[in-house]
Amino acid sequence: MPELPEVEHAARSLRRWLADGPIVRAWAGPTRLLRGGDHRLFARKLRGRSIVSVERRGKLLLLSFDEDVGLLCHLGMTGKWVRSLDPGPAELPQRPRAKRPKSAPAPAAPPHSHARLELRGGAVLHYCDPRLFGRLEVHPASELLGLSVVSSLGPDPLVDRIVVAALHDKLSRTARPVKVAIMDQTVLAGVGNIYATEALFRAKIHPARPSSSLSKREIGRLGEAIVATIALALKRREEDMTYLSEGAENRFLIYDRAGEACPECRRGTLEKITLGGRTSTYCARCQPAR
DNA sequence: ACGGATGTTCGCGC
DNA sequence: CGCGCGAACATCCG
């Protein structure tokens with residue numbers, strides 16, 4: 001689920017939820033989410049901790065607790081934090097649930113819950129991630145910002161804003177397709193495939209344009225489009241829970257709409273190309289190649 | 001049933 | 001060093 005707006009939404013939720021702390025019990029399965037870390041250490045370190053701050057940098061969540069305990073969390077492709085009121089009986093990762101009759105009791109824990117923070121008062125925060133592409137790492141809170149995954153991030157469009165001159169300077173040094181460049185987390189932190197696609201459409205820039213070919217004016221347009229795209233997605237997130245794969249219809253302008261008519265010019269048909277291994281949708285009329 | 005999916009990271013080759 | 005490509009990770013959905 002996660003690009004910058006979704007991660008920001010998760011950060012706001014966690015900030016609210018963790019304020020009910022402290023954590024009376026923590027648990028994680030022996031999962032690869034921990035990246036070689038020890039699941040018993042996860043439980044030991046987080047038990048008893050109270051939240052100090054929840055920050056977001058790009059797609060990363062940085063949770064700082066008292067006693068200098070920190071948790072780094074990346075949602076990968078399908079990770080999310082879910083709050084429930086019951087921890088569930090099993091001390092095992094929840095596998096996908098088999099179909100059961102309507103009359104059967106409701107499940108106690110959400111599917112794919114691989115780590116849990118149980119708060120005083122009974123709420124349980126589950127980290128759920130079917131594909132296990134995410135990561136959860138315990139570090140000293142004071143060292144979170146110094147981790148290379150964090151310190152190597154480019155400016156975050158919401159936290160730092162986008163400085164056109166700096167972005168232009170960075171893009172001028174590479175011939176990579178501009179879409180690949182803005183998805184590079186060391187160039188901008190938090191932009192992924194959906195919002196890169198949407199922002200380039202808004203800015204009327206072809207996704208395959210060599211980064212170095214963009215004028216400063218175009219970069220300015222692109223920067224504004226990125227911020228606007230992210231702000232709109234975040235607003236929608238806060239208003240309702242609409243997103244992909246949650247029973248919601250596609251609310252994006254062109255993402256995943258190849259073959260449909262362009263919503264802007266209404267004449268061209270949206271096309272699809274692959275850049276940097278990812279699918280890109282664009283309108284050849286509104287986003288000319290040169 | 002097959003192909004693709006919001007992300008990252010690795011290895012290989014040029 | 002830059003860059004592209006494909007694979008890998010594990011599961012779900014249409």
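Chain letters run A, B, ... following the sequence lines, proteins first, then strands; residues in each count from 1. Quantities reported herein were computed from a predicted structural model and do not represent experimental measurements.
- For the salt bridge (charged side-chain N to carboxylate O under 4.0 Å, His left out) condition, the pairs that include at least one residue of residues 196-205 of chain A, sequence neighbours left out, are A:K204-A:E264.
- The ring-ring contact (aromatic ring centres under 6.0 Å, His included) contacts involving residues 29-64 of chain A comprise nothing, where partners must be two or more places apart or lie in separate chains.
- Residue A:N193 contributes atom CG, which lies 6 Å from atom P of B:dG7 at whole-angstrom precision.
- Between the NZ atom of A:K80 and the C1' atom of C:dT11 there is a distance of 13 Å, given to the nearest Å.
- Legend: ring-ring contact (aromatic ring centres under 6.0 Å, His included) pairs involving residues 139-159 of chain A, not counting sequence neighbours: none detected.
- Closest of all the heavy-atom pairs between A:E218 and A:S213 is OE1-O, 4.0 Å.
- Taking a pair as Watson-Crick or G-U wobble with both distances under 3.5 Å, DNA chain C forms stems of 3 or more consecutive pairs at B:2-5 with C:11-14, B:7-14 with C:2-9.
- Of the P atoms belonging to C:dA7 and B:dG3, the separation is 13 Å, rounded to the nearest Å.
- Listed by chain and number, the residues in a side-chain contact (heavy atoms from CB on, under 4.5 Å) with A:P22 are A:S50, A:R120 (sequence neighbours excluded).
- Residues satisfying the side-chain contact (heavy atoms from CB on, under 4.5 Å) test with A:V180, not counting sequence neighbours, are A:R176, A:P177, A:L275.
- Nucleotides B:dG4 and C:dG6 are separated by 13 Å at their P atoms, to the nearest Å.
- The distance between atom CZ of A:R131 and atom P of C:dC13, rounded to the nearest whole Å, is 12 Å.
- Under 4.0 angstrom from either OP1 or OP2 of B:dT6 there lies at least one side-chain N or O belonging to A:Y255.
- Across all strands, A:P177 comes closer than 4.0 Å only to sugar-phosphate atoms, never to a base (heavy-atom distances).
- Computed from coordinates, the A:D256 CG to B:dA5 P distance equals 8 Å when rounded to whole Å.
- Through chains of ILVMFWY side-chain contacts below 4.5 Å, A:V227 is grouped with A:L4, A:L158, A:I162, A:V164, A:L167, A:L171, A:V178, A:I182, A:V187, A:L188, A:V191, A:L200, A:I205, A:L214, A:I219, A:L222, A:I226, A:I230, A:L234.
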Using atom names, set out every protein N or O paired with an N or O of nucleotides 8-14 of chain B below 3.5 Å, distance rounded to 0.1 Å.
| unit_1 | atom_1 | unit_2 | atom_2 | d |
| --- | --- | --- | --- | --- |
| B:dT8 | OP1 | A:H74 | NE2 | 2.9 |
| B:dT8 | OP2 | A:K59 | NZ | 3.1 |
| B:dT9 | OP1 | A:R135 | NH2 | 2.8 |

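- Rounded to whole Å, the distance from CD on A:E8 to P on B:dT6 is 22 Å.
- Within 4.0 Å (heavy atoms only), A:T78 reaches no atom of the nucleic acid at all.
- A:A284 pairs by the side-chain contact (heavy atoms from CB on, under 4.5 Å) definition with A:E271, A:Y282, not counting sequence neighbours.
- Between A:I194 atom CD1 and B:dG4 atom P there is a gap of 17 Å when expressed in whole angstrom units.
- Taking side-chain N and O atoms only, A:H112 has a distance below 4.0 Å to OP1 or OP2 of C:dC12.
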Step by step, work out the salt bridge (charged side-chain N to carboxylate O under 4.0 Å, His left out) result for A:R56 and A:E8. CA-CA 7 Å; A:R56 181 193 56 75; A:E8 175 63 22; 2.7 Å; yes
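- The nearest whole Å value for the distance from the CE atom in A:M77 to the P atom in C:dC13 is 15 Å.
- Per the geometry, CG belonging to A:L275 stands 13 Å off C1' belonging to C:dC5, to the nearest Å.
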